[in-house]
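First comes the structure, then the notes that go with it.
Remember, it's 1-based here, ligands and their atoms both numbered in the order they're listed.
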Amino acid sequence: MAIYNPKSLKAEEFINDEEIRATLEYAEQNKNNFELIDSILEKARPVKNPDGNGCTCKGLTHREASVLLACENPEKIKKMYEVAEEIKLAFYGNRIVLFAPLYLSNYCVNGCLYCPYHLKNKHIPRKKLTQEEVRDEVIALQDLGHKRLAIEAGEDPVNNPIEYILECINTIYSVHHKNGDIRRVNVNIAATTVENYRKLKEAGIGTYILFQETYNKESYEYLHPTGPKHNYAYHTEAMDRAMEGGIDDVGLGVLFGLESYKYEFAGLIMHAEHLEAVHGVGPHTISVPRVKPADDIDPDEFDNSISDEMFTKIAACIRIAVPYTGMIVSTRENEQVRAKMLKVGVSQVSGGSRTSVGGYAGYSPDERPHDTEQFDVSDQRSLDEVIHWLIDNGQVPSFCTACYREGRTGDRFMSLCKNGQILNCCHPNALMTLTEYLVDYASPETKEAGFRLIEEELKRIPKDKVREITAQHIEDIKNSNSRDFRF
Ligand code: SAM
């Protein structure tokens, strides 16, 4: 039997079934131990650094975090939400980073039971973008105002080999339409080899994202009955290979609804602990997708669906357990759920998303093709509506992509978070990239609300010099075609 060891490179040792079950038992036994819960929350809170610059957070172990998740006391849950928000504001401020998915191909050789792209689905049209079509999609995305994409593809060594993915990345970065630019391409493709991860790194990708789907090996094998994705160890160990290939920023996630959420949560935090133990840096992001209706897929077939309340609590507990990790919520969730998630620590959202292959170019904002779609999108608002909504919610929408372009990846990004330089760095970058959006793409109403917000937020930049330079660049963006200023 595998023995739990967070430093091991073997999937069943760092995501250890026995340890997860013991954790869930411990959490159940202690869910009403309010003294313990208070001490866990106290440990998790941000503490000011001795030099007065920034804060530090200790984070939580998977056992501690699981106790919080198990607790059902409304007062303690309220406290969890407060601590989650406090952590979010300490490290990420009130900024929310925007991105959009770009589906390259829905050819897939896997048999995932929850995904419409599964091989046996014979009625979904299969489509793979040509480089000309990639260019058209990128122009359409740039015209919406996007600067950051997550590319998505099924797994198919013949139709979507790594060379195809690399060619698409190259094309995406090469398109500069009007003042548009895609400055960060995150990649969500199937688990692959160290050599291929190295190629992705060389192509200049941002984060490599791979959802675990479920950490429960038995369920994993059941849900992925055929194809290369069936191999639990190969999939679970992918992030270690990505890091060996030089990718510092990796994004974790589980598809909530497939397995018991408590099991998934413990597995997710253990995965983060493992990355920290082996590579000295935790995950750059954690995504929290929930399984959605799709062609040939009925989410009711999976009997682990979670309520919106539980979903919000899971997000709060993730924020508390891994304070420096960005958290992503997609348009799988509707406006109401996304609003709740913003309060408990989400730092990135997608906007104006299309989940079909070729879903952007040639379609008006309220026209959406469904034929090759991966799942139903719940938040169908345009990017401009999402931006306006964020502003109305007191958030600063950010199109910043500076960190990885300035070499601040992995632990260098984490230290920026910890030493309190975010207000002198990320905040000005957010304001400058928001200005680009407002000048180049926004509706008059969003523009007005946005510039009002920028005026107020400029005052919060602590260093005089940084504030002056930021204000100057904002004027430059308004009065010329100069773009892409960054700290
Ligand atoms: N093919 C790659 C892989 O196997 O990891 C990744 C790309 S896939 C397009 C992106 C993610 O969509 C999957 O990892 C899965 O979690 C999610 N997904 C699949 N079917 C879904 C559904 N019905 N509802 C919500 N999300 C779904």
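- Under a 4.0 Å criterion applied to the non-hydrogen atoms of Arg290, ligand 1 contributes the atoms 25 (C).
- Remark: ligand 1 atoms within the under-4.0 Å shell around heavy atoms of Leu210 are 5 (O).
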Task: Verdict with reasoning, Asn304 to Glu259, per side-chain hydrogen bond (donor to acceptor under 3.5 Å, both in side chains) - done: CA-CA 6 Å; Asn304 287 297; Glu259 240 300 334; 4.9 Å; no
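- By the salt bridge (Lys or Arg N to Asp or Glu O under 4.0 Å) test, Glu137 pairs with no residue at all, sequence neighbours left out.
- Among protein heavy atoms, the minimum distance from atom 21 (C) of ligand 1 is reached at Tyr114 O, 3.9 Å.
- Residue Lys292 places at least one N or O, backbone or side chain, under 3.5 Å from an N or O of ligand 1.
- Looking at ligand 1, you won't find any N or O of Pro289 less than 3.5 Å from one of its N or O atoms.
- Using a 4.0 Å cut-off between a side-chain N of Lys or Arg and a carboxylate O of Asp or Glu, Arg198 and Glu195 do not qualify as a salt bridge.
- Using modelled atom types and a 3.5 Å distance limit, the side chains of Glu19 and His62 yield a donor-acceptor pair.
- At a heavy-atom distance under 4.0 Å, no atom of Asn110 approaches ligand 1.
- Taking only nitrogen or oxygen atoms, main chain and side chain alike, Tyr103 does not reach within less than 3.5 Å of ligand 1.
- If you look at Asn188 next to ligand 1, the close heavy atoms, those under 4.0 Å, come from the backbone and the side chain alike.
- Residues Thr61 and Glu273 have side chains that never bring a donor and an acceptor to within less than 3.5 angstrom of each other.
- Atoms of ligand 1 found under 4.0 Å from any heavy atom of Cys115 (numbered from 1 in listed order, with element): 19 (C), 20 (N).
- If you check each of Pro299, Ala153, Gly154 against atom 2 (C) of ligand 1, the one with the closest non-hydrogen atom is Ala153.
- A distance-only check finds no donor-acceptor pair linking the side chain of Thr236 to the backbone of Ala233 [under 3.5 Å].
- Counting protein heavy atoms only, atom 11 (C) of ligand 1 is closest to Phe211 CD1, 3.8 Å.
- Comparing Gln212, Glu213, Glu155, Lys229 against atom 3 (C) of ligand 1, the shortest heavy-atom distance belongs to Lys229.
- His146 contributes atom NE2, which lies 8.0 Å from atom CD1 of Ile182 (distance to the nearest 0.5 angstrom).
- A donor-acceptor pair shorter than 3.5 Å cannot be found between the side chains of Asp248 and His284.
- For atom 8 (S) of ligand 1, the closest non-hydrogen atom on the protein side is Gln374 NE2, 3.5 Å.
- Between atom 26 (N) of ligand 1 and the options His224, His118, Arg332, Glu152, the minimum heavy-atom separation is to Arg332.
- Residue Arg486 holds its CZ atom at 7.0 Å from OG1 of Thr401, rounded to the nearest 0.5 Å.
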